[in-house]
Amino acid sequence: MILVEDLTIVSQREIAPRIFEMVLQGEMVADMQVGQFVHLKVPDPSKLLRRPISISEIDYDKKEATIVYRVEREGTAILSKMVAGQTIDTMGPQGNGFDISVVDAGQKALLVGGGIGVPPLVETAKQLKAKGVEVVSVIGFANKDAVILEDKLRACGDVYVTTDDGSYGIKGYVSTVIDGFDWTPDAVYSCGAPGMLKYVDSKFENHPHAYVSMEARMACGMGACYACVVHVKGESDAKNLRVCEEGPVFPTGKVIV
Ligand SMILES: Cc1cc2nc3c(=O)[nH]c(=O)nc-3n(C[C@H](O)[C@H](O)[C@H](O)COP(=O)(O)OP(=O)(O)OC[C@H]3O[C@@H](n4cnc5c(N)ncnc54)[C@H](O)[C@@H]3O)c2cc1C
Ligand code: FES
C-alpha cells in the first residue's frame, strides 16, 4: 500500500564526496520491502515533482529506513542540507522490489551494483544472509572517492570492488570479475548505470532468477502519468511498462535496458 507520511530525519551525514546517507523514521517503514523506493517531496515550493530514491536499509524494530543519494542538482542539494528533527513529506514505499523468495538457505546469490545503484543492494544482502543464502557482491565505481557501502556488503559476504581507473580494488568493470567466475549464481540482483545493467541483462538473459533495477525520469511516481515507461523486448513500442509501478525491478530479458 502506498502511503504519504511526514518521515522524521533521524540523522544525515556525507559518506563520500556529494553522497549522503539519511536515516528516516516513520510508520511507513513497516511496509517496506527490499528494492522498493520512496518518493520525496523537496521542501521548496518551486520543486513540484518528488524525487525517487531507493531504500537502502530497513530497521523494522526502530521503524527506520536509510537512503543513500548523490547530490545531482537543486532538489538533492536541498535535501542534503536538511538536519535531524526535520520532516520530509514522503510517498511510498513504492514499486516492485527484489524477490528474495526465489533463493533458499545454502544457495548462492550474486549482487551486482554500480555507483549510486549500490544502496538498494545493502538491505537485499542483509535479508539474503539472514535466510542463510551465500552472498557475493561485485560493485563498480568510477574511482576510489566514489566507493560507498563496501563495509556494509562485506558484513554479508564476499565483496569484489572494481574502479574504472584502478585507483581502488580491481581495475576494470564488474564484468571483468563476473566473467572470471567458475560458478553460476542461483539468483542475480543488480542496480546501476545503464551500461552495467545491459551487461547483466544479456549475460543472465535466460537465468530464471536474475533481476535488474531500472531508473527513469518520474513525475507522479504512482502509475498514473506514464512518464517513466520502458519498452518490452520483442513487442511493439506500444507495449510499455512503468518503472514506478511494474518496476523498478524487472526480470532480465523482459524489458529493453
Ligand atoms: C527508482 C529510482 C531509484 C533511485 N534511487 C536513487 C538512489 O538510491 N540514490 C540516488 O542518488 N539517486 C537515486 N535515483 C536518482 C534520483 O531520483 C535523482 O538523482 C534525483 O531525482 C535528482 O534530483 P535533483 O533535483 O537533484 O536533479 P534535477 O535534475 O534537478 O531533477 C529534475 C527532475 O528530474 C528528475 N530526475 C533527475 N534525475 C533523475 C534520475 N536519475 N532518475 C529519475 N528522475 C530523475 C527529478 O526527480 C526531478 O523531478 C533513483 C531514481 C529512480 C527512478
Ligand atoms: S512516474 Fe507517473 S507513471 Fe511512473
Side-chain angles (χ1 to χ4, degrees), residues 2 4 7 12-24 32-58 65-82 88-98 111 113-125 139 141-142 145-149 152-153 189-197 211-231 239-250 255 257:
I2 310 174
V4 177
L7 298 187
Q12 161 135 271
R13 64 190 181 110
E14 192 169 9
I15 59 168
R18 283 174 49 222
I19 299 183
F20 289 79
E21 176 200 81
M22 186 191 269
V23 179
L24 295 161
M32 291 181 177
Q33 307 289 332
V34 289
Q36 290 188 301
F37 66 94
V38 284
H39 217 192
L40 304 175
K41 184 151 176 41
V42 177
D44 179 318
S46 72
K47 305 274 173 295
L48 295 177
L49 299 176
R50 290 173 181 269
R51 270 50 176 171
I53 304 287
S54 305
I55 297 162
S56 180
E57 286 178 82
I58 309 167
T66 303
I67 55 170
V68 175
Y69 64 95
R70 183 168 59 207
V71 170
E72 293 296 342
R73 300 201 311 154
E74 262 187 76
T76 41
I78 293 170
L79 291 176
S80 74
K81 296 202 174 63
M82 296 182 79
I88 302 187
D89 179 334
T90 307
M91 196 174 89
Q94 177 56 321
N96 287 304
F98 290 124
L111 273 51
I116 205 63
V118 175
L121 300 180
V122 174
E123 185 65 29
T124 311
I139 49 177
F141 303 90
D145 284 347
V147 176
I148 50 166
L149 304 171
K152 293 203 172 183
L153 287 172
Y189 302 97
S190 67
C191 186
M196 201 204 81
L197 293 186
Y211 305 92
V212 288
S213 182
M214 305 276 292
E215 260 194 26
R217 292 259 161 178
M218 289 185 182
C220 74
M222 52 187 290
C225 74
Y226 284 76
C228 64
V229 295
V230 285
H231 298 294
K239 180 80 180 154
N240 294 323
L241 290 174
R242 296 158 294 183
V243 171
C244 73
E245 192 72 13
E246 284 84 30
V249 173
F250 295 99
V255 297
V257 177

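Counting convention: from 1, in listed order, for ligands and their atoms alike.
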With side chain to side chain contact (heavy atoms under 4.5 Å, CB included) as the criterion, how do Phe37 and Ile67 come out once you've worked through the C-alpha distance, each side chain's angles and the decisive distance to 0.1 Å? CA-CA 9 Å; Phe37 66 94; Ile67 55 170; over 6 Å; no
Suppose we only count N/O/S atoms under 2.8 Å; would Cys220 qualify as near atom 4 (Fe) of ligand 2? no
N/O/S of Cys228 less than 2.8 Å from atom 4 (Fe) of ligand 2? yes
Numbered atoms and elements of ligand 2 in range of [X], under 4.0 angstrom, heavy atoms:
X	answer
Ala219	1 (S)
Gly221	1 (S), 2 (Fe)
Ala224	3 (S)
Cys244	1 (S), 3 (S), 4 (Fe)

Quick check: does any side chain N or O of [X] sit under 3.5 Å from a backbone N or O of [Y], one acting as donor and the other as acceptor?
X	Y	answer
Glu57	Val122	no
Gln36	Gly95	yes
Asn96	Glu246	yes

To which protein heavy atom is atom 3 (S) of ligand 2 closest, and what is the distance rounded to 0.1 Å? Tyr226 N, 3.1 Å
With a 4.0 Å heavy-atom cut-off, what residues sit around ligand 1?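 Under the 4.0 Å cut-off, ligand 1 touches Phe37, Leu49, Arg50, Arg51, Pro52, Ile53, Ser54, Val68, Tyr69, Arg70, Glu72, Arg73, Gly75, Thr76, Ile116, Glu215, Ala216, Arg217, Met218.
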Gln94 and Glu245, any side-chain heavy atoms less than 4.5 Å apart: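 The answer is yes, as the side chains (C-beta and beyond) meet within the 4.5 Å cut-off.
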Would you find more than 12 non-hydrogen atoms of other residues, nucleotides or ligands less than 6.0 Å from [X] atom [atom1]?
X	atom1	result
Lys239	NZ	no
Met82	CE	yes
Glu74	CD	no

Can a salt bridge be assigned to the pair Glu72 and Arg51 using a cut-off of 4.0 Å between side-chain N and carboxylate O? no
